[in-house]
Every structure is written in structure tokens, then in C-alpha cells.
Peer 1: 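Dumping the structure here so I can ask a few things about it.
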There are 2 protein chains.
Amino acid sequence: MCARHAGRVTVPAQRTPQPERTRVMRARLMQATIDCLVERGWAGTTTTLVSERAGVSRGAQLHHFPSKRELVVASVQHLADQLNGDLERRHDEAIHGRGHSTRKTLGLLADHFTSAIFVASLELWVAARTDAELLEIVRPIERRWGREEHRLAVELLGVDDSHPPTRALVQGTLDMMRGFGLANTLSDDSRRRGRILAEWAELIDNNARPAVAGAAPTGKAR
Amino acid sequence: MCARHAGRVTVPAQRTPQPERTRVMRARLMQATIDCLVERGWAGTTTTLVSERAGVSRGAQLHHFPSKRELVVASVQHLADQLNGDLERRHDEAIHGRGHSTRKTLGLLADHFTSAIFVASLELWVAARTDAELLEIVRPIERRWGREEHRLAVELLGVDDSHPPTRALVQGTLDMMRGFGLANTLSDDSRRRGRILAEWAELIDNNARPAVAGAAPTGKAR
DNA sequence: ACATAAAAACAGTCAAGGTTGTTTGTATCT
DNA sequence: AGATACAAACAACCTTGACTGTTTTTATGT
């Protein structure tokens, strides 16, 4: 509408180059897939529903993702990025905001494990158990994600990860967080969680060995 | 055929009374449903598959359970019984077998949370999140189950449940177990779990307040 | 600069396959 | 005889991906 014939550069802002539009379209579809997972679960995530939710015609959907499988695979990667992004964001907030208590770090982790993206991950996780193809892409992502969580926890808690008992305590705590995430899906579990976390902070403070001051086990120490 | 009219007692052993046969038939279908949940997941649990697996004709299936919903509801109850039975069985084994260490109790709990029935529960649990009707029957069962686990843990660990930090430690430990169960679905996690549990036993021994000798907090003390 | 060809993006219909529950029919038990 | 248990075909519905057609964008030759 703005160019073509006369080559007028009057309205350059509206024109989006093709590759960018494709990128946006794919992102819309992947996000809609994740939203559907959260709202309807794995079994309820149909291609029709996704296309409606994304506001994309069925034809366009099939153009960008020829099969449901490809859509799901791409969405899993998309979700992985979001998981890492969420962790990083919470990490940065914790670093910059002052008040570095153990309790706050635990709250931060618990929030991560009760977020919508965790719920979407849970759906994929459980679905992957009985879907070999899906398992192959979900498993490595889950591994990396778990390691990131561990790294973040160790760093924010400021504990010595090379000390076996401390390491086990951190790992167990993260597994507990996963348990929290699971329990939170059926009904709001925040009261109970809060009570446990309050005691848990003391447990960690009393039992985890603090990181050696200058040491930087994984990356930079706090 | 064996009694009433003719009173023929020729083949008394084979003849099973009607109500018993009905009971068996329903049990076969419910068990097949649970097996399908474990092997194929919630989305893969179709009525056709269940009937095939149970070795029951589709007509008979529909006779005993007019709709899929009713089959699932009955199966959930069936599963609940199995969960309680599993807990009770492990409890009895722990009581009668000698060697009552914290580590063994933790192993017992972890086994419970990595068993096939846990996997089936997990499928239903996750499915119930996005299925209001299912949620209504799964939630109360989950609550009761959680309380049973807690009771069992407190009793076998021999700790004082009225002491808030101890109580929180037990609850957190059970949430960790749920996390173990989840992690174990994607790949065998027993090595890691074993390492954590070994340290965890010490953690509990060092931080949980032992139950007062004569006191019986919930039921009978050990 | 411009016309045109090629390619990509997009839209919508259709068919195949699968799942569920209804219905109709038969055998067995009380 | 009546009711219950079982069997199996059938119809309605949904999901998926193939197919056909239209529009828009990009590349190319003059």
C-alpha cells in the first residue's frame, strides 16, 4: 500500500520484511501452543485450537508447521528458552535487589516452580514419558534446565557445592520444589508452602556449608 | 445352573455366582485402565484400548461402564485403594522386618513414589488439572493420600510431629519424594536419588526432634 | 525505474482415520 | 419369563494433514 509503484519511503515503519513476519508468525503459533498446554493440557492441545488461539488460519499454520509434531518440537524449544529466561530474570532481580536471605532465595525458586511455564513443562514432561519422539527432545532440555536450577540455587544460597552433604541438600531442595510445583497444580498450596519454606531456610542455614569466600565454583560467586 | 430348579451339583467348582463375575469384570476393566495410564498415558488411554487390554468385548465394557467417564471415576477409586494398600504393605514390612533405620524408611517412601501406581496417579493428577469433573474426584483422594503418607513417615521415622520445624522437615521430605517420582519418569534416577537419600538420612537424624517415647501423636507409636 | 516471473505466505475445503456412545441382537442366569 | 450379561455393528463427532486456490513479497531482466 505504501510503496511498490512509486517507491515512496513515506511509510517505512509499517512495512515489515518477510523473514521478520515469518518469525512473528511462528512465535505466535508456538506461544499459542504453550498457552493451550497450560489451559487445556496435553490431550486438549489440538492443532485447530492452537490456530484459533493464535489467530492464524489453518492454512497458514500448516504452511509454517507442516505437522503437529513439528509445531510441538518447536514449541518445546520455545518453552526451554522461556524457562532459562525466567531463571535468569529471577536471578538478576535477586542480585540487584538488596536483601539476600536464604528465605528469599527459596521463595524465588518456589515461584519459578509454580509458574505457568512450569505447568506447561509439566504437561510436556508427563506426555513425553509415553511418547518416544517427544522424550528425545524433552529429556536433554530437562537435564540442562535442572543443571541451571542447581547452579542458580548454589550461587544465590552461597553454599559450597563441592561438599557432598551440602550438594545433596541443594539437590533435595530442588526436588522438593518440583514436588511443590506438582502439588500446586491441583489446588493453591501457597500457605503450606510458605510454612515449610520458613523452616527450610533455617534448615539450610544450619546444615549447608557456606561457600569459601573467594571461590567461584561454577561462575562468579555472589 | 448349580442349584435352584434342578439342583444339579455336577459342576459346582466352575460355576461362579453372578455378582462375583460382575465384580471380577469391573475389576479387570479398572485394572486395564490403570495399566493403560501407565503404558500409554492419559491421552493414549482410549476405551477401545482398555477393552482390548482387559480382554473384554466392547459391548461388555459399555454394559458395565456406560461412559468413559464412569470407567475413569471407578478406576480412580480403584487406584486410590491400591495406593493405600501399597503404603500399608510397605508399612507392615517395615514394622515386621527388623532394621528400622532412617535411611530404610526414606528408601521405602522413595520406592512408593517411583512405583507404577504413582505413575498412574501422576497421569490422573496432571489430567485433572484441566478437567473439572476429574479434579473433583482426584483432589479429595490426593488429600487423603498425602495425609496417609505423612502419618506413615512420622510414625516410621519416629519423630515429633507437633514440633513445627520437624513437621516442616517431614512435609518437605515428602514433597521431595514427589519430585523424585516426577524426575524418575523421564529417565532412571535411582543413582542420584540414592546419593541424596544417604545424606538426607543424616539430615533428618540431626534435625528432626525424636518423638516422645510414650506419646502416640496420630495413632499407635512404633 | 518498471514489468514480470517465481516463490513464499496465506486461506479454506475435504478426506481419512480414530474415538465415543447408541442401538440392536443373542446368550446366560435367577 | 424376566432380567442381566455380553457381543458387535453403526452413526456422530473430532482431529489431522492433504489439497487447491489466492494474495503478497522478492528476484530478475531490460
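Labels below follow one simple rule: chain letters A, B, ... track the order of the sequence lines, proteins then strands, and each chain is numbered from 1. Values below: every heavy atom of this structure, side chains too, minus hydrogens, waters and symmetry copies.
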Peer 1: Quickly work out the B/Met25 CE to C/dA27 C1' distance and round it to whole Å.
Peer 2: 13 Å

Peer 1: Going by heavy atoms closer than 4.0 Å, what residues in residues 62-76 of chain A are next to DNA chain D?
Peer 2: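 DNA chain D contact set from residues 62-76 of chain A: A/Ser67, A/Lys68.
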
Peer 1: So do the side chains of A/Val38 and B/Thr130 get within less than 4.5 Å of each other, counting heavy atoms only?
Peer 2: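 Sidechains of B/Thr130 and A/Val38: no contact.
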
Peer 1: If you only use heavy atoms from C-beta on, which nucleotide in C/dA9, C/dG12, C/dT20 is closest to the side chain of B/Thr47?
Peer 2: C/dT20

Peer 1: Do A/Glu123 and A/Cys36 make a side-chain contact, defined as non-hydrogen atoms from C-beta onward lying under 4.5 Å apart?
Peer 2: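 Counting from C-beta outward, A/Glu123 and A/Cys36 never come under 4.5 Å.
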
Peer 1: Does any N or O in the side chain of B/Arg178 come within less than 3.5 Å of the main-chain N or O of A/Arg178, such that one atom is a donor and the other an acceptor?
Peer 2: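 Checked: no pair found.
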
Peer 1: Contact class for B/Thr48 vs. all strands (heavy atom < 4.0 Å): base, sugar-phosphate, or nothing?
Peer 2: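 Answer is base: heavy atoms of B/Thr48 come under 4.0 Å of a base.
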
Peer 1: With no hydrogens and no angle check, is any side-chain donor or acceptor of A/Arg28 less than 3.5 Å from a backbone partner on A/Ala54?
Peer 2: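 It does hold such a pair.
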
Peer 1: In whole angstroms, how far is the P atom of D/dA18 from the CZ atom of A/Arg58?
Peer 2: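 The distance from CZ of A/Arg58 to P of D/dA18 comes to 11 Å, rounded to the nearest Å.
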
Peer 1: Using atom CZ of A/Arg21 as one end and atom P of D/dT26 as the other, report the distance to the nearest whole Å.
Peer 2: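 Rounded to whole Å, this separation is 8 Å.
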
Peer 1: Quick check for you: among D/dT15, C/dC10, C/dT19, whose closest atom lies nearest to any side-chain atom of A/Ala60?
Peer 2: C/dC10

Peer 1: Nearest whole Å is fine: how far is C/dA9 C1' from A/Glu20 CD?
Peer 2: 15 Å

